[in-house]
Visitor: 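My questions all concern the structure below.
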Amino acid sequence: MLPMAAIAIGVAAAVVIDVRTRRIPNWLTGALAGAGFGIAFGGGAVTPMQAALGLLVGLAVMLPMHVLGATGPGDVKLVAAIGSLVGPARGLRVGLYTAVAGGAIALIVAARRGLLVDTFMGASQLVTAPAGAREIVTAPSRGNQFAYAPAVAVGTFVALVVG
């Protein structure tokens, strides 16, 4: 119960802050990870080793997307912190469902901004020429960036409720 409350409060705060400022602060992700390890050391359902592995899994799932420019560093740290609260198996599901939710939200945002064709072209360049694709994806003139914490919220909810 306590890990789910921490996730709900932390993810809700991350969504509000990210939508307003386009950043997820380190104090928030650090507090979530600290809560994960604190609960684990206090005898929670996730052991300290599982908390560490969950953090690493969340980091491993999200880091490639950050390297490609699809997410920011706060998004990576947020999913890693959630992993510390849920352990490696659920942490993997959170990361994977977050990626799917992020892709769906990206398509919706692109369609609303009239950039759907450009988005598909950019996505194909990520596959065919990933070295130069980061600059294409992150260029402010493209208008294709959006707050990613809502995708983390959806992915986390689906992973914990459905999965």
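Scope of the values below: all heavy atoms of this structure, side chains included, with no hydrogens, waters or symmetry mates. The first residue in the sequence is number 1, and the count goes up from there.
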Visitor: Hey, quick one: are Met65 and Leu59 part of the same hydrophobic cluster, counting side-chain heavy atoms closer than 4.5 Å, chains of contacts allowed?
Guide: yes

Visitor: Identify each donor-acceptor pair in which a side-chain atom of residues 1-12 lies under 3.5 Å from a protein atom, sequence neighbours left out, and give them as a table.
Guide:
none

Visitor: Would you find a donor on one side and an acceptor on the other, under 3.5 Å apart, between the side chain of Asp18 and the backbone of Pro150?
Guide: no

Visitor: Spell out, yes or no, whether Phe37 and Val57 are grouped together once hydrophobic residues are joined by side-chain heavy atoms under 4.5 Å, including indirect joins.
Guide: no

Visitor: Passes side chain to side chain contact (heavy atoms under 4.5 Å, CB included), Val46 versus Leu85? Steps please.
Guide: CA-CA 7 Å; Val46 172; Leu85 285 154; over 6 Å; no

Visitor: Contact between Arg112 and Phe146 at the side-chain level, heavy atoms closer than 4.5 Å - yes or no?
Guide: no

Visitor: What are the two closest non-hydrogen atoms of Gly95 and Val79, and how far apart are they?
Guide: CA-CG1, 4.1 Å

Visitor: Go through the steps to decide whether Thr71 and Val76 satisfy the test side chain to side chain contact (heavy atoms under 4.5 Å, CB included), and finish with yes or no.
Guide: CA-CA 7 Å; Thr71 65; Val76 175; 3.9 Å; yes

Visitor: Would Leu28 and Val15 show up in the same hydrophobic cluster when neighbours are defined by side-chain heavy atoms closer than 4.5 Å?
Guide: yes

Visitor: Closest approach of Pro64 and Ala60, non-hydrogen atoms and distance?
Guide: CD-O, 3.0 Å

Visitor: Determine whether Tyr148 and Thr98 satisfy the following criterion, side chain to side chain contact (heavy atoms under 4.5 Å, CB included), listing intermediate values before the conclusion.
Guide: CA-CA 9 Å; Tyr148 204 79; Thr98 292; 3.6 Å; yes

Visitor: With a 4.5 Å cut-off on side-chain heavy atoms, are Val86 and Leu160 touching?
Guide: yes

Visitor: Determine, stepwise, if the pair Asn26 / Lys77 fulfils side chain to side chain contact (heavy atoms under 4.5 Å, CB included).
Guide: CA-CA 8 Å; Asn26 288 335; Lys77 291 180 273 188; 2.4 Å; yes

Visitor: Identify the two heavy atoms, one from Ala101 and one from Gly155, that lie closest to each other, and give their separation to 0.1 Å.
Guide: CB-N, 4.2 Å

Visitor: Assigning hydrophobic clusters by single linkage (Ile, Leu, Val, Met, Phe, Trp, Tyr; side-chain heavy-atom cutoff under 4.5 Å), is Ile24 placed with Val152?
Guide: yes

Visitor: State yes or no: do Val158 and Leu96 share one hydrophobic cluster built from I, L, V, M, F, W and Y residues joined by side-chain heavy-atom distances below 4.5 Å, directly or via other members?
Guide: no

Visitor: In the structure I gave you, are the side-chain heavy atoms of His66 and Asp75 within less than 4.5 Å of one another anywhere?
Guide: no

Visitor: Using a 3.5 Å distance criterion without hydrogens, assess whether the side chain of Ser84 forms a donor-acceptor pair with backbone atoms of Ala81.
Guide: yes

